Amino acid sequence: STRLFVQQRRSSGEIVDRAKAAAANSGRKQVSMKWVVLTSFTIVLGTILLVSRNDSTEEDATEGKKGRRTRKIKIFNNNWLFFCYSTLPLNAMSRLWGQVNSLTLPIWVRPWGYRLYSFLFGVNLDEMEDPDLTHYANLSEFFYRNIKPGTRPVAQGEDVIASPSDGKILQVGIINSETGEIEQVKGMTYSIKEFLGTHSHPLMSKSASSLDLTSDEEKHREFARVNRIQLAGSEDTEQPLLNFKNEGDQSVREFKPSVSKNIHLLSQLSLNYFSNGFSCSEPHDTELFFAVIYLAPGDYHHFHSPVDWVCKVRRHFPGDLFSVAPYFQRNFPNLFVLNERVALLGSWKYGFFSMTPVGATNVGSIKLNFDQEFVTNSKSDKHLEPHTCYQAVYENASKILGGMPLVKGEEMGGFELG
Amino acid sequence: STVVLCFEAPTEFKFDVRVGDKVKMGQKLGIIGKNDLK
């Protein structure tokens, strides 16, 4: 009976073990089932969201073609990859990159390092002003190298606009003066008012430059005469104030933006458009044009004046330092409005003229030769408040011209590492 | 880095470059038609 009891006990124990194992198996199966269900649900939901998003994108594109853009593209609409990218501390990384590349390299490393960089990014070493690579103490100096005089002949002709820098043309065209939109890529635009800022910017910090070139008054008068630029404060510049009254669309079919729309848009960009001689003396049927030039890492990174003009206002927008490589321009809406930039506004013989260097990842230090105190993306940078526009005027540079005269081909500044 | 030009010019202005072209500093970007000159 004892043996029987022991056998029964063993068999009951086995039964319990089997039951436990079965229970564990069924538990595992339940967990697996839950994972399968959850994964399937996620895939289905994700697919639905993706399809609906694609539909809305197509709708946007259709609306864009019809010229009735009602939805504004948001930065994180593209995909999670861009969202993750946008959360990176790119400004700090760029500053660190600049500091690291400002360290003096051992002389024996320099030729090897710079030749490797040149091989990777297509630098033309033959046109360097100083061809001895050992003279460049670090990559920052090499990056901001000078080129031999005469290697960049400037296209002559007073009605010719020359390229301000080396690079690749990313976009050229006409700005829609009605909406004030510039095309970033086909179907994707950004606002010129956000890009260049307006005098009514809610967070505008204003200052005046300390430049004083009054000793060159005669030269400035000649500059104004040759380029048909109105003198600041002269009676000629005082034009009657315009009142804009909306009388609706009077045209049946409008092919070209009217002059008044241009004037309206430009007067929003700068309060001084009329009073400070921004408008040209001889009225033309004008349009607003734009050109975007991308500087690759191997390009000569100085920028020069594309025409004879007078720079009157500088607006600094501290911002992000996203990459401005063509891929990002195609996929990152409002890229130029988000990035750190310096909008230089002024006038030339045909009216409004502006040139805006836009910073990028690792190349956030924008330098202006005629404004030595100005720095960007630096620890000494006083312009740190985000979403703030820091405006300075160059009236003191020339009382005659009301700004800084810039001759075509003259070096204006450049982009440095950091 | 990028340089963006925005400017007012007579309607006769024509770009001499196309999207994708490589340019050098000083190269002609565009010209205003001669008809507009006075």
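Being a predicted model, the structure only gives us computed values, none of them experimental. Reckoned from all heavy atoms, side chains included, excluding hydrogens, waters and symmetry mates. Each chain gets a letter, A, B and so on, in the order the sequences are listed, and its residues count up from 1.
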Give, as side chain, backbone, both or neither, the part of [X] having an atom under 4.5 angstrom from any heavy atom of chain B.
X	value
A:P306	side chain
A:P164	both
A:Q156	neither
A:L321	neither

*For A:F143, which residues count as a ring pair (Phe, Tyr, Trp, His ring centres under 6.0 Å) partner, sequence neighbours excluded?*
A:H301

_Let's go through B:F7 and A:V307 carefully: what are the C-alpha distance in whole Å and the side-chain angles of both, what is the deciding distance for side chain to side chain contact (heavy atoms under 4.5 Å, CB included) to 0.1 Å, and is it a yes or a no?_
CA-CA 11 Å; B:F7 54 92; A:V307 290; over 6 Å; no

Below 4.5 Å, heavy-atom pairs only: which of [options] has the largest tally toward chain B?
options	answer
A:V172, A:V292, A:V363	A:V172
A:F289, A:Y294, A:F353	A:F289
A:D166, A:N362, A:L196	A:D166
A:G359, A:P153, A:G167, A:P357	A:G167

*Identified side chain to side chain contact (heavy atoms under 4.5 Å, CB included) partner of A:I293 from the options B:T2, B:V17, B:V23*: B:V23

*asked:* I need the A:L344 CG to B:C6 SG distance, nearest 0.5 Å.
replied: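 A:L344 CG to B:C6 SG: 11.5 Å, rounded to 0.5 Å.
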
If you look only at distance, which donor and acceptor atoms sit under 3.5 Å apart when one is on a side chain in residues 24-33 of chain B and the other is two or more places apart or in another chain?
| from | atom 1 | to | atom 2 | distance (Å) |
| --- | --- | --- | --- | --- |
| B:Q27 | OE1 | B:K24 | N | 3.0 |
| B:K28 | NZ | B:D16 | OD2 | 3.2 |

*Indicate yes or no: at least one non-hydrogen side-chain atom of B:F15 is less than 4.5 angstrom from one of A:I169.*
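When only atoms from C-beta onward are counted, A:I169 and B:F15 do not touch, as no gap falls below 4.5 Å.
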
_side chain to side chain contact (heavy atoms under 4.5 Å, CB included) involving A:A360 - partner list, sequence neighbours excluded_ =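 Expected list: A:V324.
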
*Closest heavy-atom pair and its distance - B:E8, A:W348*: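 Smallest heavy-atom distance, with atoms named: O-NE1, 2.9 Å.
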
*Under 4.5 Å, heavy atom to heavy atom: which of residues 411-418 of chain A reach chain B? Give them by number, or say none.*
A:F415

